[in-house]
Visitor: 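Below you'll find the structure I mean.
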Amino acid sequence: MKPFPLVLVLPAYNEELTIEKTVLEFYKEIPNAYFVIVDNNSKDKTSEISKNVLAEHSISGEVLFEARQGKANAVRTAFTKVDAEIYIMCDADTTYPASKVHSMIQTLKEKDLDMLVGDRLSEGDYGRENKRRFHSTGNKLVLTLINFLFGTKLKDPMSGYRVFSRRFVKNYPILSSGFEIEIEMTLHALDKRFRLEEISVPYKDRPAGSFSKLNTIRDGYKVVKNILWIFKDYKPMHFFGFFSVVSGILSLVAGTPPVIDYIEYRYVYHVPLAVLATGLMLFSWIQIAIGLVLHTVSKIQRTNFELRLIRFGMEMPSRNQMIIPTVPQRSSGSEKTIVSGNI
């Protein structure tokens, strides 16, 4: 079956206050898109409201259910069950403007990009609108860490408003489970040399009564840990080389007194330092060996990935030949919960 020309993915967890407005705002802008709302095990009426708004306004789409908690799990469900030429991902909390979707889609197509990210930070909207303590500071720290480790000049790697090509979605393994997904997909795009750009978008805080599911400390720790682990996987020589250099320097520092002892007295008085220096130098060489092995493994994996992309490119039609019809051309399988205005 042919993929949908345009799909909107809305992961939602306890968003009964905002899900209807989010859907209607996007329906006003892209009425011909296929709407996929993923209820991430909500405890409120998110699923019921989603089904009702799709049916009442004759919106083509479906409501999926993902019992495993976490935004990445919800997005993974949508990406694996729904095939499309262009995917739009947005939070279901009315914080991002649906009106920007046209320029985002147009930019993706004109520049033949694989991912376009809605940048909340450059214009200062996030800093003005966000009322949660330390979130702006945490975003800046994460941004600085990513740009330093990966040598990039990103502006908002944690934005939840993105547009993707089919090429990216079908070649992106989602390994995270929660809010770290934005970091994971950004770093995956950088490492695999997908075409990635950012575009400035307005941002507004959640409406009264709606609450963020993020915990600044807990989720901040998860994000930083995820960045470091991805850095280790994508750049193992840099990761283990750092520990090797630090260990080697400490070994030289610790080994200097024993060497001086032997030169002056032909006897080593600082025996513990000599033992420590030997251990640190061995550890340094072990880190280098691990880095070299994993660097080779990473290079082989990258080679296989590039070959897979070549095969994928030969199988899919050119995006420039895509024609988005005025009415969606298919309905989804019977095993899914479907609510469509065409049924």
Visitor: Sequence neighbours excluded, which residues qualify as side chain to side chain donor-acceptor pair (under 3.5 Å) partners of Asn147?
Guide: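 Once residues adjacent in sequence are excluded, the partners of Asn147 under the side chain to side chain donor-acceptor pair (under 3.5 Å) criterion are Thr152.
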Visitor: Taking only distance into account, with no hydrogens and no angle test, what donor-acceptor pairs under 3.5 Å do side-chain atoms of residues 230-240 form with protein atoms, sequence neighbours excluded?
Guide:
none

Visitor: Just grab all the side chain to side chain donor-acceptor pair (under 3.5 Å) pairs involving residues 250-269, residues at least two apart or on different chains.
Guide: Asp261-His270
Visitor: Do Ser177 and Arg68 come within less than 4.5 Å of each other through their side chains, counting heavy atoms only?
Guide: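 Side chain of Ser177 against side chain of Arg68, heavy atoms only: no contact under 4.5 Å found.
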Visitor: Is there a salt bridge (charged side-chain N to carboxylate O under 4.0 Å, His left out) between Lys71 and Asp91 once you walk through the steps?
Guide: CA-CA 10 Å; Lys71 183 178 181 179; Asp91 295 339; 2.7 Å; yes
Visitor: Would you check if Glu15 and Lys45 make a side-chain contact, meaning some heavy-atom pair closer than 4.5 Å?
Guide: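 No. Closest side-chain heavy atoms not under 4.5 Å.
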Visitor: Give the other cluster members for Val259, using side-chain heavy-atom distances under 4.5 Å between Ile, Leu, Val, Met, Phe, Trp and Tyr residues; answer none if it is isolated.
Guide: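 Val259 clusters with Ile263.
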Visitor: Under 3.5 Å, is there a donor-acceptor pair between the side chain of Arg120 and the main chain of Asp156?
Guide: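 Answer holds: no.
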Visitor: If we count only N and O atoms by modelled type, under 3.5 Å, do the side chains of Arg162 and Thr186 hold a donor and an acceptor together?
Guide: yes
Visitor: Do you know which of Phe168, Tyr172, Tyr87 makes ring pair (Phe, Tyr, Trp, His ring centres under 6.0 Å) with Phe79?
Guide: Tyr87
Visitor: What pairs meet the ring pair (Phe, Tyr, Trp, His ring centres under 6.0 Å) rule with one or both residues in residues 98-121, with sequence neighbours excluded?
Guide: none
Visitor: According to side chain to side chain donor-acceptor pair (under 3.5 Å), who are the partners of Ser176, at least two apart in sequence or on a separate chain?
Guide: Glu184
Visitor: Using side chain to side chain donor-acceptor pair (under 3.5 Å) as the criterion, list what pairs up with Asp44, not counting sequence neighbours.
Guide: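 Listed in chain order: Thr46.
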Visitor: Taking only Lys NZ, Arg NE, NH1 and NH2, and the carboxylate oxygens of Asp or Glu, determine whether Asp119 and Lys155 approach each other closer than 4.0 Å.
Guide: no
Visitor: Report the C-alpha separation of Val23 and Ile37 in whole Å, then their side-chain angles, then the decisive distance to 0.1 Å, and conclude whether the side-chain contact (heavy atoms from CB on, under 4.5 Å) test is met.
Guide: CA-CA 9 Å; Val23 171; Ile37 304 166; 3.7 Å; yes
Visitor: Could you tell me whether Lys225 and Glu180 have a side-chain N and a carboxylate O separated by less than 4.0 Å?
Guide: no
Visitor: Name the one of Val163, Val101, Ile105 that satisfies side chain to side chain contact (heavy atoms under 4.5 Å, CB included) with Leu6?
Guide: Ile105
Visitor: Listing request: all side chain to side chain donor-acceptor pair (under 3.5 Å) pairs with a residue in residues 19-28, at least two apart in sequence or in separate chains.
Guide: none
Visitor: When you compare the side chain of Leu54 with that of Phe35, does any pair of heavy atoms fall below 4.5 Å?
Guide: yes
Visitor: Considering residues at least two apart in sequence or located in another chain, which fulfil the side chain to side chain donor-acceptor pair (under 3.5 Å) criterion with Ser159?
Guide: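 For Ser159 there are no side chain to side chain donor-acceptor pair (under 3.5 Å) partners, ignoring immediate neighbours.
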Visitor: Test side-chain contact (heavy atoms from CB on, under 4.5 Å) on Ile199 and Met104 and set out the steps.
Guide: CA-CA 8 Å; Ile199 184 173; Met104 294 180 73; 4.0 Å; yes
Visitor: Do Arg193 and Glu306 sit within salt-bridge range, that is, some charged N less than 4.0 Å from a carboxylate O?
Guide: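 Salt bridge between Arg193 and Glu306, a charged N being under 4.0 Å from a carboxylate O: yes.
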Visitor: Kindly indicate whether the side chain of Asn73, heavy atoms from C-beta on, has any atom under 4.5 Å from the side chain of Thr77.
Guide: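 No. Closest side-chain heavy atoms not under 4.5 Å.
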Visitor: Restricting to ring-ring contact (aromatic ring centres under 6.0 Å, His included), what partner residues turn up for Tyr96, sequence neighbours left out?
Guide: Tyr161, Tyr203
Visitor: Any pair with a residue in residues 272-297 that passes side chain to side chain donor-acceptor pair (under 3.5 Å), sequence neighbours left out, goes on the list, sorted by first then second residue, please.
Guide: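 Applying side chain to side chain donor-acceptor pair (under 3.5 Å) to every pair that reaches into residues 272-297, excluding sequence neighbours, yields Ser244-Ser284.
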Visitor: Strictly by salt bridge (Lys or Arg N to Asp or Glu O under 4.0 Å), give each pair with a member in residues 285-305 just once, sequence neighbours left out.
Guide: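 Sorted pair list: Asp191-Arg302.
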Visitor: With a 6.0 Å cut-off on ring centres, are His188 and Phe305 close enough?
Guide: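 Yes, the ring centres sit under 6.0 Å apart.
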